[in-house]
Amino acid sequence: PVPKRRIPIVSAGQSPAGMQFVAQHADRNFVQAGPDRLREIVAGIKKAGSETGRSVGAYAVFHVIAADTDEAAEAMTQHIIENADSTAIYNFIASAMLDTNPNGISAYQTQGLSRSAEDGNSAFMSIPVITGSYETVARKIREIYA
């Protein structure tokens with residue numbers, strides 16, 4: 001079958017070369033970063049797009065751990081961190097270290113063991129986690145969106 005509309009292209013580059021690829025060829029970019037870093041990366045993607053005369057955007061990637069209470073969700077999050085598969089974590093960090101960009105994913109991944117879940121702890125493959133009660137999670141998502 002032939003699509004009835006243009007199919008959007010989504011990429012996942014966060015390096016300068018990756019963002020340039022998005023600016024030239026893609027419509028959106030997957031971004032995994034905590035709220036502060038997310039703003040910076042999305043601004044860079046939009047700037048690169050405007051420099052090529054294109055409108056590009058981002059899809060923020062997060063894990064969500066929600067429960068009836070903030071405390072219950074935090075307990076689940078800590079349980080995952082405390083019981084993480086350290087061999088798997090070291091293997092994906094080793095793969096990330098093949099990245100030669102000094103500001104690329106390797107720098108981000110290698111710091112993941114010391115980051116909070118909200119900022120992308122390695123137990124979650126460095127993907128930031130939105131944790132809390134259902135109401136708290138909804139509020140945090142609205143704040144990130146804003």
Side-chain angles (χ1 to χ4, degrees), residues 1-66 70 73-74 76-146:
V2 177
K4 294 185 179 7
R5 63 178 177 87
R6 183 181 170 280
I7 297 175
I9 297 173
V10 181
S11 184
Q14 293 181 200
S15 68
M19 286 196 276
Q20 190 59 41
F21 177 86
V22 171
Q24 293 174 339
H25 305 288
D27 301 293
R28 298 281 180 269
N29 196 35
F30 287 118
V31 178
Q32 69 179 57
D36 293 334
R37 192 162 175 260
L38 178 64
R39 284 183 202 92
E40 175 188 326
I41 293 169
V42 171
I45 291 166
K46 289 182 176 279
K47 180 178 184 245
S50 68
E51 289 172 355
T52 61
R54 300 183 70 246
S55 176
V56 296
Y59 290 127
V61 179
F62 290 93
H63 288 289
V64 173
I65 298 178
D70 290 345
E74 184 59 34
M76 284 190 273
T77 303
Q78 288 309 310
H79 177 77
I80 292 169
I81 291 171
E82 291 165 7
N83 294 284
D85 183 342
S86 59
T87 301
I89 290 170
Y90 289 115
N91 284 335
F92 87 73
I93 289 173
S95 294
M97 291 179 70
L98 298 173
D99 178 8
T100 58
N101 176 17
N103 297 317
I105 196 70
S106 61
Y108 185 69
Q109 296 287 14
T110 58
Q111 300 162 2
L113 293 170
S114 62
R115 277 197 305 273
S116 68
E118 182 178 50
D119 289 324
N121 184 284
S122 293
F124 300 96
M125 294 194 70
S126 300
I127 297 172
V129 181
I130 299 172
T131 301
S133 68
Y134 305 108
E135 294 80 13
T136 298
V137 167
R139 177 183 50 76
K140 288 179 179 181
I141 291 172
R142 284 191 301 271
E143 288 171 359
I144 291 166
Y145 179 77

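Please read all numbers here as calculations on a predicted model, not as lab measurements.
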Could you please spell out the steps behind the side chain to side chain contact (heavy atoms under 4.5 Å, CB included) verdict for Ile80 and Val129? CA-CA 11 Å; Ile80 292 169; Val129 181; over 6 Å; no

Taking atom OH of Tyr59 and atom OG of Ser11, what is their separation to the nearest 0.5 Å? 12.5 Å

Report yes or no: does Arg115 contribute a side-chain atom to a donor-acceptor pair with the main-chain N or O of Pro128 at less than 3.5 Å? no

How would you list, by chain and number, every residue that makes a side-chain hydrogen bond (donor to acceptor under 3.5 Å, both in side chains) with His25, sequence neighbours excluded? none

In sequence, state the C-alpha distance, the side-chain angles, and the governing distance for Ile89 and Asp85, and then conclude on side chain to side chain contact (heavy atoms under 4.5 Å, CB included). CA-CA 6 Å; Ile89 290 170; Asp85 183 342; 5.8 Å; no

Check Met19 against Gly44 and note the closest heavy-atom contact, atom names and distance. SD-C, 3.9 Å

Exam field: side chain Arg28 to backbone Val10, donor-acceptor pair closer than 3.5 Å: no

Nearest 0.5 Å, please: how far is CG in Asn29 from CD1 in Ile41? 9.0 Å

For the student: nearest non-hydrogen atoms of Arg37 and Gln32, plus distance: NH1-O, 3.9 Å

May I ask you to check whether over 12 heavy atoms, not counting those of Met125, lie within 6.0 Å of atom CE? no

How far does CD1 of Ile45 sit from CD of Gln20, to the nearest 0.5 angstrom? 11.5 Å

Can you name the closest pair of heavy atoms from Gly49 and Ala23 and give their distance? N-CB, 3.6 Å

State the OG1-CG distance between Thr77 and Asn121, to the nearest 0.5 angstrom. 10.0 Å

Closest contact, heavy atoms only, Gly34 versus Asp119: CA-OD1, 4.2 Å

In short, side-chain hydrogen bond (donor to acceptor under 3.5 Å, both in side chains) pairs touching residues 41-51 with sequence neighbours left out are Lys47-Glu51

Salt bridge or not for Arg139 and Glu135, using N-O below 4.0 Å? no

Straight-line distance of Ser86 OG to Asn91 CG, nearest 0.5 Å: 9.5 Å

What heavy-atom pair brings Ala66 and Met76 nearest, and what distance separates the two atoms? O-CE, 3.7 Å

Closer than 3.5 angstrom, by distance alone: can the side chain of Asp27 be matched with the main-chain N or O of Val56 as a donor-acceptor pair? no

Nearest heavy atoms of Ala84 and Ala123, plus distance in Å: CB-CB, 3.7 Å

Can you tell me how far the NZ atom of Lys140 sits from the CD atom of Glu118, to the nearest 0.5 Å? 5.5 Å

Apply side chain to side chain contact (heavy atoms under 4.5 Å, CB included) to Thr131 and His63, showing your working. CA-CA 8 Å; Thr131 301; His63 288 289; over 6 Å; no

